[in-house]
There are 2 protein chains.
Amino acid sequence: MKDATAPISTRDAILDATDRMLARYGYKKMTIDDLAKEVGIGKGSVYLHFESKQEIALSHIDRIVERLKTSLHATARSKVTPEKKLRKMLIDRVMMRFDSVQHYTQSLNELLAQVRPQLLERRKRYFEEEARMFASVLTEGKAAGVFKLKDPMETGRALIDATNALLPYSLSAWELGERAEIEKKTNNVAELLLNGLLKR
Amino acid sequence: MKDATAPISTRDAILDATDRMLARYGYKKMTIDDLAKEVGIGKGSVYLHFESKQEIALSHIDRIVERLKTSLHATARSKVTPEKKLRKMLIDRVMMRFDSVQHYTQSLNELLAQVRPQLLERRKRYFEEEARMFASVLTEGKAAGVFKLKDPMETGRALIDATNALLPYSLSAWELGERAEIEKKTNNVAELLLNGLLKR
DNA sequence: TAATGACTACAATCGTATTTTGGTCATATG
DNA sequence: CATATGACCAAAATACGATTGTAGTCATTA
């Protein structure tokens, strides 16, 4: 019922449409009929790709995090110093999320309220996977003698915890503040955290 | 309509009762009649101390933060190293809040939902005041040559941001996890932040 | 002068009729 | 034969009028 047979592009088209509908109407007022119409397929076809409306919304969020993970992964493997990697990764994890939801600020709270229990589960996974990526860079930096730390995974989790307050979750984007302000705050936190890691 | 003439103790008694009622019934089901009865005064007398039901709930939260601020202030003036002060203050700002709401975990979300807009305003103030206290310790540590940082106030704000994700706000306590887990996480974050500050 | 509780306006709740919509599946289509 | 579809249905959401409950006021009281 998931994909495999079905072309990825349709699934993606549905999620693209979801993003637009969410921005325009919010979660409750977005109907599957309208969504299908927006994509240009029949209602039943939507259910060839997703199990339920909730699953659509959650997959939409999944996709945002998936894209973030791709970016983090690329940064982690790039050819710069571990310090630069870490700084970019910290900022990206905040700003990519911000940019992904900025255009439907108003309806974000409603969406989150509707899927909170399930999302909570997934967030744990998201964070754990992100922590793992951070850990790999920490390990690299430690081996290179530029970072000083004990357990990479535990430190990775701490980096996640220390930047989580800046993510749009229960706090919608407008509650968090202007983009420039968030970026500034993220920079300051990242700076502090990096100083704590660097072997001076 | 606020206090001045009225004895502090009655106001406090109302807030004490509010804490109990909130734990037992939650915000909506807590009626002013019941609250007054719990305190042992007439309903009208409640309005001698507070302007509205919302104001009561907000004052209740204010009091929690007020107590925290008292504690932070005491720590900031105590006779230990700036490093120890800062670590204790970071942990206290998380754990005192956690302990203050732990006993009405279930109804916390509801309470927060009811007063969110007003609380948002106040939170800004809370955080700014806390940042100021942290800044004073940072300044002290800088002068003593144990901390290395640029702007104390800006760094203070970063410390607040970096620990905010661990506070019970939109995330209720049970969403955050067990007390021991939070404490562990807070410790790890505090450790990292302190390393970033210490001149090694 | 400070405290009270009867009082009121309005908000929340309820019961019911009506509409909308998430999800299914027999049928159509390529 | 495999995949897409939209008519269909049960269940949920909404509308609405009647009823109840409660926040906030204020004339009276002690």
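Numbers restart at 1 for each chain; the letters A, B, ... are given by sequence-line order, proteins then strands.
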A.B. asks: Among side-chain atoms of Q114(A) and Q54(A), is any donor-acceptor pair under 3.5 angstrom?
C.D. replies: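 Not at all, the side chains of Q114(A) and Q54(A) share no donor-acceptor pair under 3.5 Å.
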A.B. asks: Rounded off to whole Å, could you give me the CZ-to-C1' distance for the R11(A) and dA4(D) pair?
C.D. replies: 18 Å
A.B. asks: In whole Å, what is the span from the CG atom of L48(B) to the P atom of dT1(C)?
C.D. replies: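 Answer to the nearest Å: 13 Å.
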A.B. asks: Identify whether the distance between the nearest side-chain nitrogen and carboxylate oxygen of R63(B) and D19(B) falls below 4.0 Å.
C.D. replies: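 Looking at D19(B) together with R63(B), the answer is no, because their closest N to O distance does not fall below 4.0 Å.
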A.B. asks: Nearest-Å distance, CG (L35(A)) to P (dT21(C))?
C.D. replies: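 Taking atom P of dT21(C) as the reference, CG of L35(A) is at 13 Å.
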A.B. asks: Could you give the CG-to-C1' distance, from D34(B) to dA23(D), as a whole number of Å?
C.D. replies: 13 Å
A.B. asks: Between V39(B) and M21(B), is any pair of side-chain heavy atoms under 4.5 Å apart?
C.D. replies: no
A.B. asks: Pairs of donor and acceptor atoms involving the side chains of residues 153-164 of chain B, under 3.5 Å and at least two apart or interchain, shall be tabulated with distances.
C.D. replies:
unit_1	atom_1	unit_2	atom_2	d
E154(B)	OE2	K184(A)	NZ	2.9
T155(B)	OG1	D151(B)	O	2.9
R157(B)	NE	E128(B)	OE1	3.3
R157(B)	NE	E128(B)	OE2	3.1
R157(B)	NH2	E128(B)	OE2	2.7
T163(B)	OG1	R93(B)	NH1	2.8
T163(B)	OG1	L159(B)	O	2.8
T163(B)	OG1	I160(B)	O	3.3
N164(B)	OD1	R93(B)	NH1	3.1
N164(B)	OD1	R93(B)	NH2	3.0

A.B. asks: With sequence neighbours left out, write down each residue that passes salt bridge (Lys or Arg N to Asp or Glu O under 4.0 Å) with R179(A), or none if nothing qualifies.
C.D. replies: D99(A), E183(A)
A.B. asks: Rounded to the nearest angstrom, tell me the gap between atom CD1 in I41(B) and atom P in dA30(D).
C.D. replies: 19 Å
A.B. asks: Check whether S107(B) reaches the backbone of E110(B) with its side chain - one donor and one acceptor, N or O, closer than 3.5 Å.
C.D. replies: no
A.B. asks: Provide, to the nearest angstrom, the distance between the CD1 atom belonging to I56(B) and the C1' atom belonging to dA23(D).
C.D. replies: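 Checked: the CD1 to C1' distance equals 10 Å.
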A.B. asks: In whole angstrom, give the distance that lies between atom OH of Y25(B) and atom P of dG21(D).
C.D. replies: 16 Å
A.B. asks: Give me the bend of the helix from dT1(C)-dA30(D) to dG30(C)-dC1(D), using the axes of the five pairs at each end, rounded to 10°.
C.D. replies: 40°
A.B. asks: Which protein N or O atoms sit under 3.5 Å from an N or O of nucleotides 22-28 of chain C?
C.D. replies:
unit_1	atom_1	unit_2	atom_2	d
dG22(C)	OP1	K53(A)	NZ	3.1
dG22(C)	OP2	I32(A)	N	2.8
dG22(C)	N7	K43(A)	NZ	2.8
dG23(C)	OP2	Y47(A)	OH	3.1
dG23(C)	OP2	K53(A)	N	2.6
dG23(C)	N7	K43(A)	NZ	3.1
dG23(C)	O6	K43(A)	NZ	2.5

A.B. asks: By the side-chain hydrogen bond (donor to acceptor under 3.5 Å, both in side chains) test, which pairs, at least two apart or in different chains, include something from residues 73-86 of chain A?
C.D. replies: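 Listed by first then second residue: K85(A)-E140(A).
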A.B. asks: In a table with atom names and distances, give each donor-acceptor pair under 3.5 Å that connects a side chain of residues 28-37 of chain B to protein atoms at least two apart or in another chain.
C.D. replies:
unit_1	atom_1	unit_2	atom_2	d
T31(B)	OG1	D34(B)	N	3.0
T31(B)	OG1	D34(B)	OD2	3.3

